[in-house]
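Everything below concerns the one structure shown next.
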Amino acid sequence: MDRILYKGTYGYLDRSRIHAWKKAALMLAVPVLIFLGGWYVNGTRENVMTVVAIVGCLPGCNQVVRAIMASRYHSMDRRFYETVEKARGNCLALYENVFTSYEKTYYVDAVVLCGREIVGYSSDAKLDEKAAAEHIRSLLKKSSYKQNVTIYRNQNEFLVRVLSLSAEAEQPPFDGDDRYPDLTRDEIIRHLLMSISL
């Protein structure tokens, strides 16, 4: 049985891709069954059920597009995930993030946040680290959270920075946020990051 799909967790992208394809198959199967049923009952394809089936394909086709988009990304390496989990200490982490903007998408395998610092690692060879960091920084700033954001392409550099963050674990002063009354500052940042990720 598939685990529940939670953004920011290990394995999310692979589970999401499988879920998207299953949903697409189901959504396309219904109009096909309607078409075949109408053809069987009426003895011809030229009936109102054919029109219903054709119109019924539209949501399924939309879901196929979503499934194709989900298939572009795969879950991160499990050993690296386990290494980050050990290194992060009490810092919060998000995994398998596909941050979206109007122009681009940025795949970041792991993001660790602690206080005013956000560090990420991306295995995407085409990723522009500075553009991804600036995208995240500017979106958080719009929500009144000023963060230092650094994206690494080197796993060792990322892990060294994560270890130093977990050792420091310094939290800035925070009086709460009326929009998210029950969350800590880091939990709010995590929530905002998940909202801009596929």
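Basis for what follows: all heavy atoms, side chains included, without hydrogens, waters or symmetry-related copies.
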Below 4.5 Å, heavy atoms only, C-beta onward: do [X] and [Y] meet side chain to side chain?
| X | Y | result |
| --- | --- | --- |
| Leu198 | Leu13 | no |
| Arg161 | Glu117 | yes |
| Ile189 | Leu193 | yes |
| Lys23 | Met27 | yes |
| Tyr106 | Glu129 | no |
| Tyr10 | Arg78 | yes |
| Val111 | Val119 | no |
| Ile118 | Asn148 | no |

Within the side chain of [X], is there an N or O that forms a donor-acceptor pair under 3.5 Å with the backbone of [Y]?
| X | Y | answer |
| --- | --- | --- |
| Ser197 | Val98 | yes |
| Lys141 | Lys146 | no |
| Asn42 | Arg45 | no |
| Asp109 | Ser123 | yes |
| Arg179 | Ser143 | yes |
| Asp186 | Gly115 | yes |

*Would a line drawn from the ring center of Tyr121 to the ring center of Phe80 be shorter than 6.0 Å?*
yes
*For the rings on His135 and Phe99, is their centre-to-centre separation under 6.0 Å?*
no
Give, for atom [atom1] of [X] and atom [atom2] of [Y], the distance between the pair rounded to the nearest 0.5 Å.
| X | Y | atom1 | atom2 | value |
| --- | --- | --- | --- | --- |
| Tyr6 | Leu94 | OH | CG | 14.5 Å |
| Arg137 | Lys130 | CZ | NZ | 10.5 Å |
| Leu92 | Leu113 | CG | CG | 5.0 Å |
| Asn156 | Thr83 | CG | OG1 | 10.0 Å |

What about [X] and [Y], same hydrophobic cluster or not, with Ile/Leu/Val/Met/Phe/Trp/Tyr joined at side-chain heavy-atom distances under 4.5 Å?
| X | Y | result |
| --- | --- | --- |
| Val32 | Phe35 | yes |
| Leu139 | Leu183 | yes |
| Met69 | Tyr107 | no |

*Testing Thr105, Asp124, Asn97 for side chain to side chain donor-acceptor pair (under 3.5 Å) with Tyr73, which one passes?*
Thr105
*asked:* On a heavy-atom basis, which atom in Tyr12 and which in Glu96 lie closest, and how many Å separate them?
replied: N-OE1, 3.0 Å
*Might you point out which heavy atoms bring Gly11 and Ser75 nearest each other, and give the distance in Å?*
CA-OG, 3.3 Å
Output a table of donor-acceptor pairs, distance under 3.5 Å, between side-chain atoms of residues 59-68 and any protein atom two or more places apart or on a different chain; print 'none' if there are none.
unit_1 : atom_1 : unit_2 : atom_2 : d
Gln63  : NE2    : Ala20  : O      : 3.3

*Who pairs with Arg88 by salt bridge (Lys or Arg N to Asp or Glu O under 4.0 Å), at least two apart in sequence or on another chain?*
Glu85
*asked:* When you compare the side chains of Arg15 and Thr9, does any donor N or O come within less than 3.5 Å of an acceptor on the partner?
replied: yes
*asked:* Under 3.5 Å, is there a donor on one side chain and an acceptor on the other for Trp21 and Ser71?
replied: yes
_Within 6.0 Å of CZ in Arg79, more than 12 heavy atoms from elsewhere_ = no
*For atom CZ of Arg153, is the number of surrounding heavy atoms from other residues, nucleotides or ligands below 6.0 Å larger than 12?*
yes
*Using 30° and 60° as the class limits, which term best fits the ring planes of Tyr95 and Tyr81: parallel, tilted or perpendicular?*
perpendicular
